[in-house]
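Sequence positions, counted from 1, serve as the residue numbers for this chain. Both ligands and their constituent atoms are indexed starting at 1 by order of listing.
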Amino acid sequence: MWPYPKVIAHRGGGTLAPENTLAAMRCGWEHGFAAVEFDVMLSKDGVPVLMHDPEFGRTVPGSGSVADTLATDLQAMDAGKWFADSFKGEPVPLYAEVVRFCRQHGIWMNVEIKPSPGTEEETGRVVAEQTQTLFADVAVVDALHLPLFSSFSFAALMAAKHAAPTIPRGFLVDKVTPDWKARLQELAAKALHTNHKYLTPEQVREVKDAGYGVFCYTVNTPERAAEILHWGVDAFCTDRIDLIPADF
Ligand code: G3P
Ligand code: MG
């Protein structure tokens, strides 16, 4: 059974706030979302930070990469201005800061481990170790109060499994591949996370019958959300937190 929320604010605040910032988490929460997805990668000095792109230029100005920049320098970068002047100065947050904010507000987290190329195992290990420390007070049976890791990187998730076996995992794929079950078994994963665009009702049934949850990204119309839920999909993330309510 899927113990987690059904509707999840993608990158914190969907289309309403600069992705992967504390302002985005606040925005999602103010829209009634007590469940968020966000992306985590490592700085040069091995500190987990929230960021989607390994290279600068889209959500932070300039050129360069997250993997070549110290965490303190990332924290000084403006991750809000690209989105709107009203968010100017919104920093790149540390993962630990975001976890603190979410826990203070009772927000459940889908932590997408997003390694910079070549850092898959290190990123999985470090994010898992830090998560274990940040949630050391939560009992393993208390699933709703633990985050769910996901990643397109099998290696990162395997490293996370070794470092923190009690933090649950979901394997992210764009399209469901023939080896999906073997991958989930090796990861001891709870769920398959997949792109709703390529998903079929038969695949949903097959994954669910095998005892796994099905999570879809990124569903942005109420019509499509209703359709995949009807198929048996357990949860989805959305950019349109203005169109799809948290209690959809
Ligand atoms: O975790 C679901 C989704 O966020 C995966 O794609 O590129 O938006 O991180 P992306
Ligand atoms: Mg993501």
**Asked** Could a heavy atom of Phe152 be found less than 4.0 Å from some atom of ligand 1?
**Response** yes
**Complete:** What lies under 2.8 Å from the Mg ion (ligand 2), restricted to protein N/O/S atoms, is Glu37 OE2, Asp39 OD1, Glu112 OE1
**Item:** atom 7 (O) of ligand 1: nearest protein contact (heavy atom, Å)
**Value:** His52 NE2, 2.7 Å
**Request:** Please work out whether the ring planes of Phe154 and Phe171 are parallel, tilted or perpendicular, with thresholds of 30° and 60°.
**Result:** perpendicular
**Asked** What protein heavy atom sits nearest atom 5 (C) of ligand 1, and how far off is it?
**Response** Glu112 OE1, 3.3 Å
**Message:** Taking a cutoff of less than 4.0 Å between a non-hydrogen atom of the residue and any ligand atom, is His10 in contact with ligand 1?
**Reply:** yes
**Request:** Any atoms of ligand 1 less than 4.0 Å from a non-hydrogen atom of Leu172? List them with their elements.
**Result:** 1 (O)
**Prompt:** Within the structure, does Ser150 bring an N/O atom to less than 3.5 angstrom of an N/O atom in ligand 1?
**Reply:** no
**Asked** Say you draw a straight line from CD of Glu19 to CG of Leu50; how long is it, rounded to the nearest 0.5 Å?
**Response** 9.5 Å
**Request:** Have a look at Val49 and tell me which of Val98, Val66, Asn20 forms a side-chain contact (heavy atoms from CB on, under 4.5 Å) with it.
**Result:** Val66
**Request:** Please work out whether the ring planes of Tyr212 and Trp180 are parallel, tilted or perpendicular, with thresholds of 30° and 60°.
**Result:** perpendicular
**Asked** For atom CD of Glu97, is the number of surrounding heavy atoms from other residues, nucleotides or ligands below 6.0 Å larger than 12?
**Response** yes
**Prompt:** Would you say Lys114 has any N or O atom under 3.5 Å from an N or O of ligand 1, going by distance alone?
**Reply:** yes
**Request:** Would you mind listing which atoms of ligand 1 come within a distance below 4.0 Å of any non-hydrogen atom of Arg11?
**Result:** 7 (O), 8 (O), 10 (P)
**Asked** Can we say Asp53 and Arg58 salt-bridge, meaning some charged N sits less than 4.0 Å from an Asp/Glu carboxylate O?
**Response** yes
**Request:** Decide, yes or no, whether a salt bridge links Arg183 with Glu186 under the criterion of side-chain N to carboxylate O below 4.0 Å.
**Result:** no
